[in-house]
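Contents: one structure, followed by commentary.
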Amino acid sequence: MNNQTRTLGRKFMRFLRGELGLLLILLLLCVVFAYVSPYFMVERNLLNITRQVSIVLTVAMGMLCVILSGEIDLSVGSTAALCGVAAAWGMKTTGNIWLGIGLALGLGLLVGIINGTLVVYARIPSFIVTLATMGILRGVCMVWTNGKPISNLPESFSVLGAGYVLNIIPVATVVSLLLVAVFYVMLQRTKHGTYIKAIGANREAATLSAIHVDRYKVLVFVAAGLMCAIGGLITTSKLLSAQPTANVGLEMDVLSGVILGGASLSGGIGTVVGTLLGSLTIGVINNGLNLLNVSSYYQEIVKGIIIIFAVVIKRNKATQ
Amino acid sequence: MNNQTRTLGRKFMRFLRGELGLLLILLLLCVVFAYVSPYFMVERNLLNITRQVSIVLTVAMGMLCVILSGEIDLSVGSTAALCGVAAAWGMKTTGNIWLGIGLALGLGLLVGIINGTLVVYARIPSFIVTLATMGILRGVCMVWTNGKPISNLPESFSVLGAGYVLNIIPVATVVSLLLVAVFYVMLQRTKHGTYIKAIGANREAATLSAIHVDRYKVLVFVAAGLMCAIGGLITTSKLLSAQPTANVGLEMDVLSGVILGGASLSGGIGTVVGTLLGSLTIGVINNGLNLLNVSSYYQEIVKGIIIIFAVVIKRNKATQ
Amino acid sequence: QAQAYTIGFAVSTLENPFFVTMKDAAEAKAAELGVTLMVLDAQDSAETQASQVEDLITRGVDLMIINPVDSDAIGTSVIACNNASIPVITVTRSSNSGTVVQHLDIDNKEAGKLDAEQLIKDLGGKGKVAILEGFAGSSSAIDREEGFVAALEGSQIEVVASLTANYSREEGATVTEDILQSNPELDAIYAHNDEMALGAVRSVAAAGRSAEIKIYGIDATDDALAAVESGEMAATVQQQPDVQIQIALENAVKYLDGETLEPLVNIPLKLIVKQ
Amino acid sequence: MNEELILSLRGIEKSFGGVHALNGVDFELRRGEVHALLGENGAGKSTLIKILTGVHRPDTGEILLRGNPVTIADPIDARRRGIAAIYQELSLIDTLTVAENIFLGNEPVVTPLGVSRTRQLYADSEAFLKRFGIAISSHAVVGDLGLGQKRVIEIVKALAINAEILLLDEPTTGMSRAEIDTLFGIMASLKEKNVTMIYISHYLDEVFRCCDRATVFRDGRNVGRFQMAAATVPELVRAMIGHTVSGERYRPAQTADGAETVIEARWFQSAVMRHPVSFRVGRGEIVGFTGIVGAGKSELAGSLFGAHRKTGGELLLHGKPVRFRSPHDTRAYGMAYIPEDRKSQGLILSDSVEDNIVLPHIEQIENRLGLLISRKKRAIAQRMGERVRLQPPDVRMKAGNLSGGNQQKVVLGKWLTAEPDIILLDEPTRGIDIGAKAEIYRLMTQMADAGKTVLVFSSEMEELLSICDRILILCKGGIVGEKQVGDATVESLLTLALGADCDE
Ligand SMILES: Nc1ncnc2c1ncn2[C@@H]1O[C@H](COP(=O)(O)OP(=O)(O)OP(=O)(O)O)[C@@H](O)[C@H]1O
Ligand SMILES: Nc1ncnc2c1ncn2[C@@H]1O[C@H](COP(=O)(O)OP(=O)(O)OP(=O)(O)O)[C@@H](O)[C@H]1O
Ligand SMILES: [Mg+2]
Ligand SMILES: [Mg+2]
């Protein structure tokens, strides 16, 4: 009995230490923004934010797997752009939306396999592999499109990035939250998630525990590649145009969300809920500052300060 | 006797495994470029390359310390820009070059202390701290200059970035190599270097070995801040104008050099000579591809492929 | 003897369709003139551009066409060319020091002014406009802002929001979403380039406010021309990057053949609205 | 016992670079026996285990499993063949919970997509833990546990696999008699189920209690096989190290009456300690602290050294109150601390032995300009290597490549070099062989004789009885008793350590 309650209490404490702290920060930010801007706490705007973060959130799910396994993927922005270009090219060439989508997903898969293989079998640090593929894939985008956007895509493709479910909830929001749910189950509730975390926390011990370390390492890059493909599709659909220069710097936005969500760059630590909250927090800050029309010079300053405060407050909440 | 030779042999092997591999790659690249371009293997061009990498190299020395201690500094680009702006402002306001330089160094020091303090005493992951300060400092640059470059600096200030020693060796080259020498001695030959590496390799063991972990963590950020100040001074002097948008993306260039030089993002591993060779390798690739008139779209692709090959060859050299 | 010429072209960025068009035209023209062209992309970094000019000097080009990232920062590089006796032609942005044999100017302030005038006309001199800014601190963004804002003086047009979207279509779309949220009443959006304007077009359409909000851009890229034609955008300003570089290359060859050049050529700007 | 050979090895050789870890080993294992593997530190015992689990591949030689030649590709393959191991170094994941660790790579109930039945997982894990009588929650994160508790988890993890052949590499280090008895009980029941076991230990009494046969290794080859029923201790020791070691006390017990008090705790408590403690230790004394696994020995040791924030009471050195904000502050007092976990707390595994040894007192190898002299470093490290009998005696080797016992010797050497005035040792002889242990006890007594103060924290009560002057007993974080060695026996210490009355 007593044991039971202690366990529950401890569980709650652990939750507090991680996600609840961030949740409080997020709510606090929302309250502040709602106070200073009448346009913030509007259903429509809140849904808007979820659509704005949908790309980062989707890619962040893949990145979280990579980070949990102790690696990093800098190529996510280029991969997303390339997949977007491939989708647009496929749609324009074949006239079939689904072929375009399939091509994008296939390419994402391929990029993941290449990254993973170079990391695992050629034993090159993932930072270097993905730095190289980041450049290579961006170059391929540029060569493929000759540096110019591919436009005039079929209007019906815009559903993914710009459409609504029930006339109010953005499709992109629904898609990204579904993916979050899938990754939540995969990472917190299946052995695969446990294995990925184990590999990142202590690779040697994971090997000794009869885990297929190499296979899982490739797998996380494949997950990242696929999520990039979906992210690229959302971007392309939103603009109804594939930009070869799309998603430049996406890796930093995604990493920020993941790390703000409590993940550790050295692997083994991080949660889906944390990543969700981290990405939302950054989205809310961006949106709120834009609504307040804070000049771009000051936005960066204010954003930096908010992030530092958020982490400090979260930490202190945790140790209370 | 036999023992002596074996020792020497083993020493050589160890050297091979690390730096010589990269040195061979660098030489190989030079031979290839010299073969395909008559303009490459010219004294003047080679010295030029050393000047081109001098900024990255200088900042890389600071970054190496940070990486060795197990942290990361994403704010180097913004810090360098801010210090450049500060120097230009100081020179224009006081008319005295040295006051400008002093101001830049002072600011670099201050940024280092702030970053270090937030990491150590507020216990925020360095990725987040420096991501935040990256934005904050860039914003400060913009606000300070109102987004416009500060130009018309005293002509004599251009010696640092554009001048020559003995009419042929760039001053920036000399300065950066002197700094490399200083860091070489500091990191390989003094207790400070040993401590920094120990902290990065195993923080707990270092703490229990009665090393002042916190103090050294702040110190590495201070070193990074100071090197950024010098990097910013070289940039400003080279252009004889301080750009608030200068050195965007410098963190990636610097990290690439450091990691290609064999350092590990998780800390404890990395050498000054490796970083020197890594930075030079990237500089040589950039220069060679420019001389060969490789189109910029293909440059990224070729660069990525060369980097992957370089690491694979280096690894195989090492295991032979 | 034209075959013997090697001309360097240091372009500020190829991540922007405007300069991509310029590069494509340059390559076509160079082939036509029979000169060897070396194009180097500085990716919007003044520092990189300085290094690339060094490389072009090393390469021993006969003449250099520079599209500076920054007018001040390019000065030392132009002086270096002068010292190496390599003639320099600048396009789009000038150099504030050193000597160039010709400058082909695009007046970005003028471009902003043209959009502003059209906007005043379209709105009848009264209304609310939001601005999407280019890269913070880039000279084109600063000039396009200045020209636009100056031309609004005296009208009853109010700038209700001014935020950066970094010349990117994606960010243009995202920032516009936020602007639409905080401005239930908005009559126009002025973007420092067409990419951001096209992003705004998507967000405005998604919000179902296409009828009330007019969108203005600069550059006249292919997508923007189509958007103006279809009525999604109200106007864009043609700066004719292709014409500009064609003239630059022709003049380069003329100069190398011994002719003297006019120090300044103004490329005419053209406001594009629906026919 | 039947005579069927379940496993036999023929001519196994394995070398790492220049080091011959195994040099033509022949080894036979009969179904259902418990077979001891004995030998000095670095003899090659762990290497053999790792070959059997596919971590290393032999250079030459043959492995016959149930009569068929096999190659064991990796730990996954080994597990498929029914081989499981408790490794000498922990193979636990600090960031996962106890239950997740126990069933890592061996999830009992999963749906086809790999979704775990979490409740079942935790229930199963509780059941396993209960068998050990250890009060660890299945939900606890392993990184928060003490080393001894981790060892228990490691054992449970291997037992959960249901292997046919179980390899136990020094499973009892850091455990008190109470946990060891439980382990032996479980081993006996496994033996009834005809599970075959290889048991590695440096404690011969354990070997006599639980093993049927023993094979002795020396320099990577087997030098003798014994039936335990017929073997004697001196016989085994001679086979292992070539000479015998005496087992009696290392110095006469001293009383500290009248000696100057060097270290004194008054209701001292830190952030990680569950109760305040008070005690005093005088100059020239060796005082032991003992208790069962999780009793709080390591918490106390670390706290005294300033590794945890002080929350109450006072710590006095030489009669003056001190406050350590970090271990760095202990330098001024000539204090040294040998942590229990050599891998995560004691060593930088990627560095060489010599770098590790000089780290805490690197000033000794500086010249006047503050530059480090590698010649001096080598000299110091080599001298220390000889004192602790490092094997192989090459101080340029990477610490991570040494055998477990030798790593422990490096940790000891690291601090003994500093000639500290006050030394705290936490489980100092973990994994150290009989020969070297005697040498280390001699070093400790020498220090005490020279007027230094020695505090030993150990779950091994026999060890404390043979070197200490006085023993304090910890239970659930508090000091529950004190004994002069003269009046203490293992049983009396254990009674106090387990004491039901230590709950307040
Ligand atoms: N990865 C490795 N690289 C180099 N040498 C190694 C490696 N692993 C083991 N060795 C060497 O092999 C020899 C045997 O080591 P092993 O760990 O098998 O000894 P052990 O008998 O288990 O000793 P202990 O009782 O100390 O645990 C040692 O000399 C050790 O230094
Ligand atoms: N009731 C409890 N409350 C809080 N923490 C506990 C409790 N019981 C055990 N622990 C944890 O158990 C660990 C064991 O402490 P410590 O390592 O000091 O024990 P020890 O006596 O050295 O045992 P060993 O090293 O053999 O595990 C500590 O990390 C402590 O946090
Ligand atoms: Mg061993
Ligand atoms: Mg302990």
Per-residue contact mode, [X] against chain C (heavy atom under 4.5 angstrom):
X	result
A:Val42	neither
A:Asn286	backbone
A:Gln299	side chain
A:Ser37	neither
A:Tyr164	side chain

message = Looking at C:Asp178 and A:Gly288, would you say the former's side chain and the latter's main chain have a donor-acceptor pair under 3.5 Å?
response =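 Looks like no, no N/O pair under 3.5 Å.
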If you round to the nearest 0.5 Å, how far is [atom2] of [Y] from [atom1] of [X]?
X	Y	atom1	atom2	result
A:Leu291	C:Glu177	CG	CD	11.0 Å
A:Arg51	C:Ser203	CZ	OG	7.0 Å
C:Asn166	A:Ser296	CG	OG	8.0 Å
C:Asp222	A:Asn152	CG	CG	10.0 Å

request  = Scan side-chain atoms only and decide if A:Asn287 and C:Gln181 contain a donor-acceptor pair under the 3.5 Å cut-off.
outcome  =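 No, no side-chain donor-acceptor contact under 3.5 Å.
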ask   = Is there a donor in the side chain of A:Gln243 and an acceptor in the side chain of C:Glu170, or the other way round, less than 3.5 Å apart?
value =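 No - no donor-acceptor pair under 3.5 Å links their side chains.
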What part of [X] lies closer than 4.5 angstrom to a heavy atom of chain A: side chain, backbone, both or neither?
X	result
C:Glu195	side chain
C:Thr21	both
C:Val201	neither
C:Asp24	side chain

May I ask you to name which of [options] has the most heavy-atom pairs under 4.5 Å with chain C?
options	answer
A:Asn247, A:Leu289, A:Thr235	A:Asn247
A:Ser241, A:Pro244, A:Ser295	A:Ser241
A:Ser151, A:Ala162, A:Pro38, A:Pro170	A:Ser151
A:Arg138, A:Glu300, A:Met142, A:Lys148	A:Lys148

ask   = Looking at C:Pro17, C:Pro184, C:Ser168, C:Ala130, which makes the most heavy-atom pairs under 4.5 Å with chain A?
value =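 Highest number of heavy-atom pairs under 4.5 Å: C:Pro184.
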task = Please determine, among C:Leu14, C:Leu163, C:Thr164, the option with the most heavy-atom pairs under 4.5 Å with chain A.
result =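 Answer, by heavy-atom pair count under 4.5 Å with chain A: C:Leu163.
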request  = Please name the pair of heavy atoms, one in C:Ala173 and one in A:Leu239, separated by the smallest distance, quoted to 0.1 Å.
outcome  =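 Looks like CB-CD2, 3.7 Å.
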message = Could you report the tightest heavy-atom contact between A:Tyr297 and C:Ala136, atom names first, then the distance?
response =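 Result for this residue pair: CE2-CB, 3.7 Å.
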request  = Could you check A:Lys238 against C:Thr174 for side-chain contact (heavy atoms from CB on, under 4.5 Å), going step by step and ending with a plain yes or no?
outcome  = CA-CA 10 Å; A:Lys238 184 171 177 181; C:Thr174 308; 3.5 Å; yes
query = With side chains defined as the heavy atoms from C-beta onward, is the minimum distance between A:Asn146 and C:Lys23 less than 4.5 Å?
reply =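 Yes, close enough: below the 4.5 Å cut-off.
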query = Is there a side-chain contact between A:Pro149 and C:Asp223 (heavy atoms, below 4.5 Å)?
reply =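 When only atoms from C-beta onward are counted, C:Asp223 and A:Pro149 do touch, with a gap below 4.5 Å.
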